[in-house]
Amino acid sequence: MLVLWCPDWPAVAAVAAAGAPLTKPAAVFLANRVVACTAVARKNGVRRGMRRREAESKCPELGVFGVDDGRDARLFENVARAVEELVVGLEVVRPGLIAVPVAGAAGYFGGEHPLAEKLLDQVAAVAGVECQVGVAEGLFGATIAARHGEFVPPGETRQFLAPLRITELDQPDVERKELVDLLTRLGLKTLGAFAELTERDVMSRFALDGVLAHRLARGLSERPPLRRKPPADLTLTEEFDPVLERVDVAAFLAKNLGARFHAALADRGLACTRLGIYATTEGGEQLGRVWRCAEPLTPQGVADRVRWQFEGWLKGNRPTSGVARLRLEPEETVEGKSLQLGLWHGGNRSEDDELTTERAARAFVRVQGLLGPEGVVTPILDGGRDPAGRVRLIPWGDPREPVSPPDATWPGRLPAPSPATVLEQPVPVKVVDEQGMPVGITSRKQLTAPPCRLSVAGAPPRMVLDWAGPWPVAASRRAATPQQARLQLLLAAAGGDDADEAVLVLCSGTENPVWTVEGIYD
């Protein structure tokens, strides 16, 4: 297999989308950590996994971009089209990586090296980006070969991989960081050392994920060859009237198509590992692309690839008219055991629970069809210091992944538990001491006096029975902000039938302090 790899593609695509020159250092960040950077940024000391503050200190002129899978896929379509003009049967592994069968094309162009030279020139001329090519047996071996610019002879893939570091197993499309860390702690620092273990020992210690990684270290494919052709009735065809001309509409429809496509495979006990996406435009154009996946696709995985492909088609000056028909084909399938519910992770749910969940999901999708994707949202607890800032609403069907790590160290974060109710609009209040003077915050983030009473406009004051804090609020370095801190106050009951109430309050300022209630505890 031949793999064509565009180094640092997320960063290259981000710079290209912004219209900036590649000579300017740039990096793509997720949760304030570098996930990709340009070669110029790397020369200035920026590295993958580095925190944003450290990266900007090493390279002050660094261009900062966020992760955008749609942007990466849309711009990579130009590279895929350039490769497709020379060879057939290409498969997009992910934006930035293409795999093609080498035998037929190498024979036509006179060998692997002439083929590689043709591809490099073609991509540079058509797409205007640099890439590297490698040849080896299996997708994993060919990907590593592309990163090193190697052409591995048949039967020598294991010898090629043996001296390489065990960290090569942790690829962007498959998360194996925990496994790699464990192998390193056990002293298995190279792929060759890991490959020397017997498969039985690996299975007993590392379970299925370790066995799959062990196959890769030995130069084998992650899955044995599957020569059975998927049944034709598993193909999903959808007609669109009116035609699809907008990416946001295609992204919304992709969620439903992904769920239906996956459900049809699951009914047969199958899962898709190579997905063919084929479209027919209103003008009769035929478009197609095959996506190869390292792991069996989930419904969200199918939807993501359909969305990425439409990004490339509808925003890449192709096609000339809207898409009228879409066809999803399972080009390669495996047994779907890896996607089945585990014994303890949802396997104990009753059939009624499954039906209720399915009905609820259909209802949510229908509401989204009426109100749009933002019409149905679910909350996720993100990283942050204040309760309101930690809650993020995710549209139904989108990945529920935190933007910033919730368990990271956040100076000034409130201790658990969080308020049961966080007010959308904080309520202004007045807090005074025993002499009736306003309570404020000093420059050392301490109270000027113990709080005694709290009052809301138009309501009688309530006694403060106890309080905790203050917890200083981190001030912005770019703007002059007053001293701020949060406190927990236990208020006496407002009436004879009421109970004591605990609230979260924010104090701003020293001379003329402003108090607001942000949350209420149960």
Side-chain angles (χ1 to χ4, degrees), residues 1-13 15-17 22 36 38-39 71-154 156-157 160-161 164 168 171-173 219 221 274-278 286-294 305 308-309 311-313 316-318 331-332:
M1 180 173 292
L2 181 146
V3 163
L4 184 141
W5 172 56
C6 296
D8 314 315
W9 180 255
V12 172
V15 171
L22 283 175
T38 59
R71 172 196 65 206
D72 299 345
R74 179 178 72 251
L75 296 179
F76 193 64
E77 180 66 16
N78 294 329
V79 179
R81 289 205 307 268
V83 175
E84 201 171 31
E85 292 179 4
L86 293 181
V87 297
V88 296
L90 71 86
E91 300 171 359
V92 178
V93 181
R94 62 175 181 271
L97 198 69
I98 289 177
V100 298
V102 72
Y108 180 80
F109 287 102
E112 296 173 354
H113 287 83
L115 169 62
E117 293 177 2
K118 286 279 187 182
L119 289 174
L120 294 175
D121 294 341
Q122 176 78 359
V123 172
V126 176
V129 297
E130 296 182 355
C131 59
Q132 295 180 199
V133 171
V135 176
E137 294 173 322
L139 176 62
F140 176 76
T143 301
I144 304 301
R147 293 188 174 186
H148 292 79
E150 296 287 341
F151 290 73
V152 183
E156 297 183 14
T157 301
F160 163 69
L161 296 174
L164 301 181
E168 297 284 2
Q171 297 292 319
D173 52 341
S221 297
R274 286 177 61 217
L275 173 65
I277 304 176
Y278 304 96
Q286 300 294 326
L287 309 174
R289 183 73 69 234
V290 176
W291 287 79
R292 175 183 284 268
C293 315
R305 282 154 181 81
W308 295 343
Q309 194 55 59
E311 286 267 2
W313 283 339
N317 298 323
R318 181 186 180 189
E331 301 285 348
E332 179 182 89

Exercise for the section: Check whether any side-chain heavy atom of E84 sits under 4.5 Å from a side-chain heavy atom of R289, and report yes or no. Expected result: yes

Handout entry: Heavy-atom closest contact (I98 atom, A80 atom, distance)
Key = CD1-CA, 3.7 Å

Handout entry: Smallest separation among heavy atoms of A99 and M1, with atom names
Key = CB-SD, 3.7 Å

Exercise for the section: Would you mind telling me which of L4, V79, V3 makes a side-chain contact (heavy atoms from CB on, under 4.5 Å) with C131? Expected result: L4

Practice task
Determine, step by step, whether Y278 and Q286 satisfy the side-chain contact (heavy atoms from CB on, under 4.5 Å) criterion, reporting the C-alpha distance in whole Å, the side-chain angles of both residues, the deciding distance to 0.1 Å, and the verdict.
Solution key: CA-CA 7 Å; Y278 304 96; Q286 300 294 326; over 6 Å; no

Exercise for the section: With rounding to the nearest 0.5 Å, note down the distance linking CG in L139 to CD in E91. Expected result: 8.5 Å

Handout entry: Heavy-atom closest contact (P7 atom, V12 atom, distance)
Key = O-CG2, 3.7 Å

Exercise for the section: Work out which heavy atom in V152 is nearest to a heavy atom in A145; give both atom names and the distance. Expected result: CG2-CB, 4.3 Å

Fill in the blank from the handout: Output for pair (E332 CD, L275 CG), nearest 0.5 Å, gives 11.5 Å

Problem - Closest non-hydrogen atom pair, P10 against A36 - result: CB-CB, 4.0 Å

Handout entry: Considering all heavy atoms, the nearest H148-I144 contact
Key = ND1-O, 2.9 Å

Practice task
Answer yes or no: is there a donor N or O on one side and an acceptor on the other, between the side chain of Q132 and the main chain of R147, under 3.5 Å?
Solution key: yes

Practice task
Please check if the side chain of E112 supplies one atom and the backbone of A106 the other of a donor-acceptor pair under 3.5 Å.
Solution key: no

Exercise for the section: Rounded to the nearest 0.5 Å, what's the gap from CZ on R94 to OG1 on T143? Could you check? Expected result: 6.5 Å

Handout entry: N/O donor-acceptor pair under 3.5 Å between W291 side chain and V93 backbone
Key = no

Handout entry: Gap separating the NZ atom of K118 from the OH atom of Y108, nearest 0.5 angstrom
Key = 9.0 Å

Problem - Euclidean distance, E77 CD relative to W308 CH2, rounded to 0.5 Å - result: 13.5 Å

Problem - Member of V83, V290, L2 meeting the side-chain contact (heavy atoms from CB on, under 4.5 Å) criterion with L90 - result: V83

Exercise for the section: Report yes if some heavy atom in the side chain of L120 is under 4.5 Å from a heavy atom in the side chain of V133; otherwise report no. Expected result: yes

Exercise for the section: I would like to know whether V87 and L115 meet side-chain contact (heavy atoms from CB on, under 4.5 Å); could you show each step before the answer? Expected result: CA-CA 9 Å; V87 297; L115 169 62; 3.9 Å; yes

Practice task
Rounded to the nearest 0.5 Å, what's the gap from CZ on F76 to CG on L97? Could you check?
Solution key: 7.0 Å

Practice task
Assess whether side-chain contact (heavy atoms from CB on, under 4.5 Å) is satisfied between L75 and W9, documenting all intermediate values.
Solution key: CA-CA 10 Å; L75 296 179; W9 180 255; 3.9 Å; yes

Problem - C6 side chain reached by E130 side chain, heavy atoms, under 4.5 Å - result: no

